[in-house]
K.L.:
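Quick one: the structure is below, questions incoming.
Only heavy atoms go into these numbers, but all of them, side chains included; no hydrogens, no water, no symmetry mates. In what follows, chains carry the letters A, B, and so on, assigned in the order in which the sequence lines appear, proteins first and then strands, with residues in each chain numbered from 1.
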Amino acid sequence: MLSIRNLHAGYGKVEVLHGISIEVPKSKVVTLIGSNGAGKTTTMRAVSGMIAPASGDIRLGGRPVATLPPHRIARAGMAHSPEGRRVFATLSVTDNLRLGAFPRLTFGRARGDVEGDMERVFGLFPRLRERRNQLAGTLSGGEQQMLAMGRALMLCPDVLLLDEPSMGLAPRLVEEVFRIIAQLKSEGITMLLVEQFAAAALNVADYGYVLENGRISASGNAASLKNDPAVQAAYLGRGH
Amino acid sequence: MDTLLQSLVSGTLTGTLYAMIAVGLTVVFGVMRIINMAHGEMVMLGMFGAYWAHEAGIDPFVSLLLWMPAMFAFGMAVQRFLLARVIPSGELNTLLYTAGLSLLIANLALFFWNGDYRTISLDYGMTPARPFGISVSIPLAIAFGLAIALTSALYLFLARTDTGRAVRATAQNPDSAALMGVNVARIDMITFGLGTALAGAAGVLLAPSLYLYPTVGEILIVKCFVIAVLGGLGSIPGAIAGGVLRGVVESLGAVYVSVAYKDAIGFVLFLGVLLLRPAGLFGVGRTS
Ligand SMILES: Nc1ncnc2c1ncn2[C@@H]1O[C@H](COP(=O)(O)OP(=O)(O)OP(=O)(O)O)[C@@H](O)[C@H]1O
Ligand SMILES: [Mg+2]
C-alpha cells in the first residue's frame, strides 16, 4: 500500500535520512523503532510531504507521491497524526474532526458518510463525544492525542501514519492507545507506527524496521525482531 | 442627555464602518501573518467605485453588487501574483512590499483621478431622519445596516462552512492544515480576496458620507490598524469591539472635549487599553 524506496531527506543542507526503504502492505501494521534523533519523525514528514524528499520514491497504492505537496498527498489518502498532536487549539472538537474529513467534504476524495464516521470516532473515543463542543486547546494532553488520532481517521485513509501517539500519556492511557491501535488493525486499517514503547509496538505490529542514524539497521517480522538479541539489547531493555 | 444619545448613536454608526475595515485587516493578519499596508487603498478604490457608479446613474449602495466581487477578484490576484512571491522572504519584506503597493495605488489614483476632494450627493441624503429626536443621516444608517450584514456574513462563512473552517485552521497552524488536505496557497488567496472585498465594500458604504480623494486611505489605515491592535490582531470580535469603541469615544470626545482632539482621544484610548491588556481586548496567539 505504502512503499518507500531509497528515501533521502533532511532539513536544508543537512541530510537526516540516508536512503531508507520501507514496505507497508495493505491492512498491515508496520512499526518504525529507533532512538531519539534517529530520523523517525523525519521519515513521517517526508512521506506526508511536510518536507520535500531530496531523492527516492514514495508510492501510495502504486501512485508516486514523493513530489506532491502535502495537501495533495492527504487527498490521495494519506493521514498523518503528527508528533506532538498539533490539534487546532481555537477550534472545537467537532470542527477539528470535520477538518480531518476536509478532502471528503470539498474535493479530491469520495464523500461517504462523514456524520457516521464522526459517530464511529466518538465510539472509539467516548471522551471526545462528551467534549465535542469544547475548544481543542482546553482538552487534556491525553484527550488531545485522541483528537489527533480521530482527526486523522476522519480522512478514511488508505494509510495512517501515527507518530508517537502515546507520547506524554499516563500509563493507563498508553494501554488505551495501544488497544485502539489493535482495534483499528482488526478493522483492516493500514498503519505506519512510530512508538517509544518498542515492545508494545512490536506486539501490535506485523512487521518492524529499526532506524539508526538515518539508516535501516534491521527489519523483519515483528515477532522475530522482538526476539533478536541486538534489538532487545538496544530497544527492549529495562523501561521499555 | 439628547447630546449624549446623539453622539452615542453617530459614534456607533461610524464605529461599525471602522470595524468593518479593521475586520478585513485582522482576518488577513490572522491567516497570513501579514499587515496589509495597502488595505486603506482598497477602501479608497471602493469609494471611487461608488463615486463612478453614482456618476453613471447607479445608486452607490447598489454598486456593491459589482464592486464586492470585483474587489474580491482583485485581492485574489494581488495575493496570487504579487504577495505569494514576497511572503516567503519574511514578514518585514512583506510589510515593506505592501507599503510600496499602498503608495503605488494611491499615486496611480492621483494620476488618473487628480487630487480633488469629491462628494456624492444623494437625494435621500439631504435631510436626516429624526427618530426619537436624534438626527441620523440616512446614507450612514444604510451603510451601518449593510456593514453589519456583510460582517455577519463573513463571520458565518468562517464559523459554519468547510472552507471557513479551513481558513481558521490555516490561521492556527498552516502546516497541520496542509496535512488535512487544505491547499494553504488557495486559502491565502481566498482570505486576501475576502479582506480586500470587505475593505472595498466599506469604501463603497462610506463614500456617500465622507470626502473622497486618492490619499484618503492613509488616514483610514492608521485608524483601523490601531483598532485591530486594540481588539487584538487576528480577532474578529476584537476588531468589531475596537471599531465601535473607537467610534463612540471619538464622537463623545468631539462633543465633550473638543473636535480638534478627536483623533488624539482615539490614540489615548489605544494606549490606555494596551497598557492594561498588551495583547489587546480579545488577544489571541497562534499555537506552534
Ligand atoms: N526542523 C528541523 N530542522 C533541522 N533539523 C531537524 C529538524 N527536525 C529534526 N531535525 C534533526 O533531524 C534528526 C532526526 O530528527 P527526528 O525528529 O526525525 O528524530 P526522531 O527519530 O523522530 O526522534 P524522537 O524519538 O526524539 O522523536 C535530528 O538530528 C534532529 O536534530
Ligand atoms: Mg520523533
K.L.:
Check whether A/Leu99 gets within reach of chain B through its side chain, its backbone, both or neither, counting any heavy atom under 4.5 Å.
P.N.:
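Both parts, heavy atoms under 4.5 Å.
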
K.L.:
Looking at A/Phe88, does the NZ or CZ of B/Arg165 lie under 6.0 angstrom from its six-membered ring centre and within 45 degrees of the ring axis?
P.N.:
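Relative to the ring axis of A/Phe88, which defines the angle, B/Arg165 lies outside at least one limit.
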
K.L.:
Output the option from A/Ile73, A/Asp95, A/Leu91 having the highest count of non-hydrogen pairs under 4.5 Å with chain B.
P.N.:
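Going by pairs under 4.5 Å, I would pick A/Asp95.
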
K.L.:
Any side-chain donor-acceptor pair under 3.5 Å between A/Ser92 and A/Gln134?
P.N.:
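Result is no, nothing qualifies.
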
K.L.:
Under 3.5 Å, which donor-acceptor pairs do the side chains of residues 143-156 of chain B form with other protein atoms, sequence neighbours left out?
P.N.:
unit_1, atom_1, unit_2, atom_2, d
B/Thr151, OG1, B/Ala147, O, 2.7
B/Ser152, OG, B/Ile148, O, 2.6

K.L.:
So, are A/Arg127 and A/Glu176 salt-bridged, with charged N and O less than 4.0 Å apart?
P.N.:
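The answer is no: the pair does not qualify as a salt bridge.
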
K.L.:
For the residue pair A/Arg120 and A/Phe125, would you count it as a cation-pi contact if the rule is NZ or CZ under 6.0 angstrom from the ring centre and within 45 degrees of the ring axis?
P.N.:
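Not satisfied by the 6.0 Å and 45° rule.
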
K.L.:
Which residue out of A/Gly137, A/Ala76, A/Pro70 racks up the most heavy-atom pairs below 4.5 Å with chain B?
P.N.:
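That would be A/Pro70.
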
K.L.:
Grab the two heavy atoms, one from B/Ile187 and one from B/Ala166, that are nearest each other, plus how far apart they are.
P.N.:
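Minimum heavy-atom contact is CD1-CB, 3.8 Å.
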
K.L.:
Quick check: under 4.5 Å, non-hydrogen atoms only, which of residues 34-65 of chain A neighbour chain B?
P.N.:
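Those residues of residues 34-65 of chain A which have a heavy atom under 4.5 Å from chain B are A/Ser48, A/Met50.
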
K.L.:
Checking B/Arg186 against chain A: side chain, backbone, both or neither under 4.5 Å from a heavy atom?
P.N.:
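Answer is side chain: those atoms of B/Arg186 sit under 4.5 Å from chain A.
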
K.L.:
Taking the side chain as every heavy atom from C-beta outward, state whether B/Ile34 and B/Leu95 have any atom pair closer than 4.5 Å.
P.N.:
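No, their side chains stay 4.5 Å or more apart.
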
K.L.:
With no hydrogens and no angle check, just 3.5 Å: does a side-chain donor-acceptor pair link B/Tyr18 and B/Lys223?
P.N.:
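Judged by distance alone, the side chains do pair up.
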
